[in-house]
Amino acid sequence: MSKILSAVAWPYANGPRHIGHVAGFGVPSDVFSRYMRMTGHDVLMVSGTDEHGTPILVAADEEGVSPRELADRNNRLIVEDLVALGLSYDLFTRTTTRNHAAVAQELFRGCLRNGYMVEETTRGAISPSTGRTLPDRYIEGTCPICGYDGARGDQCDNCGNQLDPTDLIEPRSRINGETPEFVETQHYFLDLPALADALKQWLDEREASGTWRPNVIRFSQNILAEVRPRAMTRDLDWGIPVPGWEDQPTKRLYVWFDAVIGYLSASIEWARRTEDPEAWRQWWNPAASGEGEALSYYFMGKDNITFHSQIWPAELLAYDGRGDKGGEPGEYGSLNLPTEVVSSEFLTMEGKKFSSSKRVVIYVRDVLERYQADALRYFICAAGPENQDSDFTWSEFVRRTNDELVAGWGNLVNRTASMIAARFGEIPQAGVPTETDLALLATVEQAFGTVGDLIGRHRQKAAIAEIMHVVGEVNRYVSEQEPWKLKADDERERLATVLHVTAQCVVDCNLMLSPFLPHSANRVSAVLGGPEVAPMPVVEEVEDLDGGPSYPVITGDYRSAPGWGRTPLVVGTPIAKPTPVFTKLDVTVVDDELARLDQ
RNA sequence: GGGGCGGUAGCUCAGUCGGUUAGAGCAAGGGACUCAUAAUCCCUGGGUCGUGGGUUCAAGCCCCACCCGCCCUACCA
């Protein structure tokens with residue numbers, strides 16, 4: 001039994017999240033975590049909303065509200081969406097808690113104490129009216145290379161060249177049009193070159209494990225070749241105060257410095273809310289995990305790889321004093337580096353990149369209001385951007401739902417329960433099984449091994465495809481056995497056997513599907529008189545542990561999850577005529593949704 | 001500019017270490033069945049594996065060049 005940390009990317013709270021986000025980190029991390037719990041591991045699944053940084057400030061200013069108000073509102077929306085999807089977080093919190101600020105500052109102090117946080121003067125753009133950092137991408141002007149008027153400070157979209165914002169002719173702020181001021185400013189830089197050897201050693205070990213997706217490990221090794229110190233503070237009045245610079249209210253920690261610390265701070269917050277406030281150490285300190293090992297899996301979209309395979313491990317190494325400059329760990333002790341960075345690619349939408357501003361977007365909320373959560377989960381699991389970009393189209397969503405979920409799996413459940421209800425009213429006792437019966441039972445039981453292995457290797461598309469293949473085998477068995485023809489008295493034992501075998505296989509398949517489709521797994525189990533098989537998360541309103549404002553969290557008790565393997569049917573369990581678990585979609589859904597996009 | 005990914009049936013994709021006749025689902029055509037949400041099951045047709053070279057007894061897979069699409073590029077998060 002291992003301690004498994006499921007570290008799930010923190011959704012940014014500048015607005016509601018779209019289905020591309022939950023396809024990238026949400027559903028895959030939940031499938032993995034649910035499966036790991038079923039195989040007996042101690043899983044700690046943490047995340048929260050990321051609420052600092054310039055974009056939130058900009059969005060708040062546009063609405064005329066405070067950044068805290070904007071973050072509060074979006075945090076609540078995101079919490080509601082994620083819990084409705086059934087994502088089984090042990091704790092989904094936020095970066096604006098006092099606990100998080102304290103942990104982030106402790107990490108900062110540790111990096112500073114060990115000499116990896118270096119103060120340097122740099123030249124940066126600020127907004128003259130607010131004094132805030134103006135990130136490169138918020139500056140636009142005329143490209144000095146091609147003359148294009150809408151070039152951004154970091155890159156010209158017209159000619160594709162990378163730019164420095166000081167190169168731009170007639171630079172202006174994209175936020176309010178004013179001319180940015182380039183000023184000398186003091187910042188703390190994380191000394192990545194002093195950590196590069198340690199990072200390389202860690203990445204080489206990880207590569208040798210052979211578990212990382214090839215493009216993720218390659219990309220990570222690649223960006224290590226040209227590391228430079230990176231600023232970890234900003235001229236901003238929204239964020240976590242910089243230790244030692246409390247007298248400078250416009251200096252804050254860089255949002256990415258604190259966001260990745262969320263994995264640790266959320267683990268600590270989770271422990272502080274249990275009876276053992278030190279319990280988090282079992283997932284983080286090498287010596288504290290007990291008999292098993294402590295493993296950590298980080299789930300995100302590919303745009304986040306650099307922060308999880310470079311910045312975050314660099315912060316951990318610096319805090320632990322494991323870089324070229326040496327040092328000692330702080331009060332949290334030596335902290336485990338990521339076991340695996342599990343990055344997905346991007347989901348596109350009818351062939352185009354998601355873009356809120358261009359209205360190329362489908363919000364999680366809108367899908368959940370109109371369709372079953374498990375229909376979305378099924379699409380993501382079966383056709384998501386696991387290894388390469390994949391495309392969401394409404395026609396494919398309708399097809400997957402109707403042909404695979406409803407007609408393939410749902411119909412098998414329904415025909416099985418209907419026949420048992422009509423002929424026995426309860427789970428019948430099986431008679432002597434035939435070779436065919438035994439072969440099917442063996443095929444299905446063996447699938448636990450192959451499917452589990454695939455999930456453990458983050459090959460979820462192959463895993464769910466394997467289950468659906470087995471579902472097809474069971475459908476074929478039913479068609480070949482033709483139990484509806486077994487009507488004579490002397491055929492009743494054979495009928496009982498066929499239906500018992502079928503029901504057992506359905507229960508098995510349902511258990512295998514439960515990490516993917518938790519909502520419907522519970523309903524299918526109920527149809528066949530079984531218990532809840534997929535514990536669900538809940539939203540709780542909690543007090544800040546250190547005196548801040550209260551907020552909603554996602555949490556849950558997932559200990560009742562059944563083991564990963566066959567649970568024999570209980571003969572005599574009453575079975576009623578079923579109502580369908582899955583909703584078939586009308587083909588007009590496609591046109592309706594496409595019309596909605598064009599509005 | 002640099003780095004990476006992809007191009008396989010009408011569509012969406014799988015294809016392990018180079019090894020027999022390149023697979024699945026959907027769509028199309030035909031049939032069976034009636035337990036089930038008109039669901040299910042069987043059969044059939046369908047391929048110059050982006051292009052051109054190379055290595056090899058053997059290439060979808062390895063090497064080189066090119067074409068097309070996409071992603072990342074470290075101060076957006």
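Predicted model, so just to flag it, every value in this text is computed and none were measured. Here is how names work: the chains are called A, B, and so on, in the same order as the sequence lines, proteins then strands, and each is numbered from 1. Side-chain atoms are counted along with the backbone in the values below, which use heavy atoms only and exclude waters and symmetry mates.
Between the P atoms of G50(B) and C13(B), the separation comes to 15 Å (whole Å). A14(B) and U51(B) are spaced 24 Å apart, taking the C1' atom of each and rounding to whole Å. Taking the C1' atom of each, G46(B) and A27(B) are spaced 11 Å apart, rounded to whole Å. As rounded to the nearest Å, G7(B) and C62(B) have P atoms that lie 11 Å from one another. Taking atom P in both A24(B) and C43(B), the straight-line distance is 10 Å, to the nearest Å. Rounded to a whole angstrom, the distance from the P atom of C61(B) to that of G53(B) is 14 Å. Distance check on atom P: G18(B) versus C64(B) gives 16 Å, rounded to whole Å. A gap of 13 Å separates the P atoms of A65(B) and G2(B), to the nearest Å.
You'll find that the side chain of Gln388(A) is closest to A14(B), out of C35(B), A77(B), A14(B). When distances are taken from the side chain of Glu404(A) to each of G25(B), G4(B), C71(B), the shortest belongs to G25(B). When distances run from any side-chain atom of Arg400(A) to the nucleotides A36(B), U12(B), G3(B), the shortest one goes to U12(B). Which of C71(B), U34(B), C13(B) sits closest to the side chain of Trp484(A) comes down to U34(B). Side-chain proximity of Trp256(A) to A77(B), G15(B), C42(B): nearest is A77(B). When each of U40(B), C5(B), G15(B) is scored by its nearest atom to the side-chain atoms of Arg459(A), the top-ranked nucleotide is G15(B). Closest to the side chain of Lys485(A), from the set C13(B), A27(B), U34(B), is U34(B). Among A39(B), U37(B), C72(B), the nucleotide with an atom closest to any side-chain atom of Pro580(A) is U37(B). Which of C26(B), A77(B), C70(B) sits closest to the side chain of Arg399(A) comes down to C26(B). Between A77(B), C41(B), G4(B), one nucleotide has an atom nearer to the side chain of Arg476(A) than all others, and that is C41(B).
Between His21(A) and Phe25(A), the ring-plane angle classifies as tilted under the 30° and 60° cut-offs. Relative orientation of the Phe397(A) and Phe392(A) rings is tilted, given thresholds of 30° and 60° on the angle between their planes.
At the heavy-atom level, Val406(A) lies under 4.0 Å from base atoms of the strands shown. No contact: Thr306(A) has no heavy atom under 4.0 Å from any strand. When heavy atoms are screened at a 4.0 angstrom cut-off, Val216(A) is found touching no nucleic acid atom at all. Note on Tyr254(A): only backbone sugar-phosphate atoms sit closer than 4.0 angstrom, heavy atoms only; bases stay farther off. At a threshold of 4.0 angstrom between heavy atoms, the contacts of Asn402(A) with the nucleic acid are absent.
Of all the heavy atoms in Ala104(A) and Leu253(A), the pair that sits closest is CB-CD1, 4.3 Å. The heavy-atom pair separating Gln481(A) from Val498(A) by the smallest distance is CB-CG1, 3.9 Å.
In terms of phosphate contacts, Lys584(A) brings a side-chain nitrogen or oxygen within less than 4.0 Å of OP1 or OP2 of A39(B). At the phosphate of C41(B), neither OP1 nor OP2 sits under 4.0 Å from any side-chain N or O atom of Tyr477(A).
With respect to the salt-bridge test (charged N to carboxylate O, under 4.0 angstrom), the residues Glu386(A) and Lys461(A) do not qualify.
Under the Watson-Crick and G-U wobble criteria, each requiring two contacts below 3.5 Å, nucleotide G46(B) is left unpaired. A 3.5 Å limit on both hydrogen-bonding distances identifies no Watson-Crick or G-U partner for U34(B). Of all nucleotides present, only G54(B) satisfies the Watson-Crick or G-U wobble test against C62(B), with each distance under 3.5 Å. Using N1 to N3 plus N6-O4 or O6-N4 for Watson-Crick, or N1-O2 and O6-N3 for G-U wobble, each under 3.5 Å, G1(B) pairs with U73(B). Using the Watson-Crick or G-U wobble rule with both distances under 3.5 Å, G10(B) pairs with C26(B).
Looking only at distances, no side-chain donor or acceptor of Asp235(A) sits under 3.5 Å from a matching main-chain atom of Arg132(A). Remark: side-chain polar atoms of Trp238(A) are paired, donor with acceptor, to backbone N or O of Glu51(A) under 3.5 angstrom.
Mapping Leu412(A) and Asp303(A) onto RNA chain B via the closest heavy atom, the residue that lands nearer the 5' end is Leu412(A). Both Ala259(A) and Asn222(A) lie near RNA chain B, and the one whose nearest nucleotide falls closer to the 5' end is Asn222(A).
At whole-Å resolution of the value, CD in Glu480(A) and C1' in A32(B) are 12 Å apart. Between Asn75(A) atom CG and A77(B) atom P there is a gap of 19 Å when expressed in whole angstrom units. Following rounding to the nearest Å, Phe346(A) (CZ) and G69(B) (C1') show an atom-to-atom distance of 16 Å. One atom, CD of Gln372(A), and another, P of U37(B), lie 15 Å apart when rounded to the nearest Å. Rounded to whole Å, atom C1' of G4(B) lies 12 Å from atom CG of Asp389(A). Spacing between atom CG of Leu57(A) and atom C1' of A77(B) amounts to 14 Å, rounded to whole angstrom units. What separates CD of Glu396(A) from P of C11(B) is a distance of 13 Å, to the nearest Å. Rounded to an integer number of Å, the gap from CZ of Phe397(A) to C1' of U12(B) is 16 Å.
At a cut-off of 3.5 angstrom, counting only N and O atoms as typed in the model, there is no donor on one side facing an acceptor on the other between the side-chain of Asn414(A) and the base of A36(B).
Judged by the 6.0 Å and 45° rule, Lys302(A) forms a cation-pi pair with Phe346(A).
To the nearest 0.5 Å, atom CD of residue Glu466(A) and atom OG1 of residue Thr450(A) are 4.5 Å apart.
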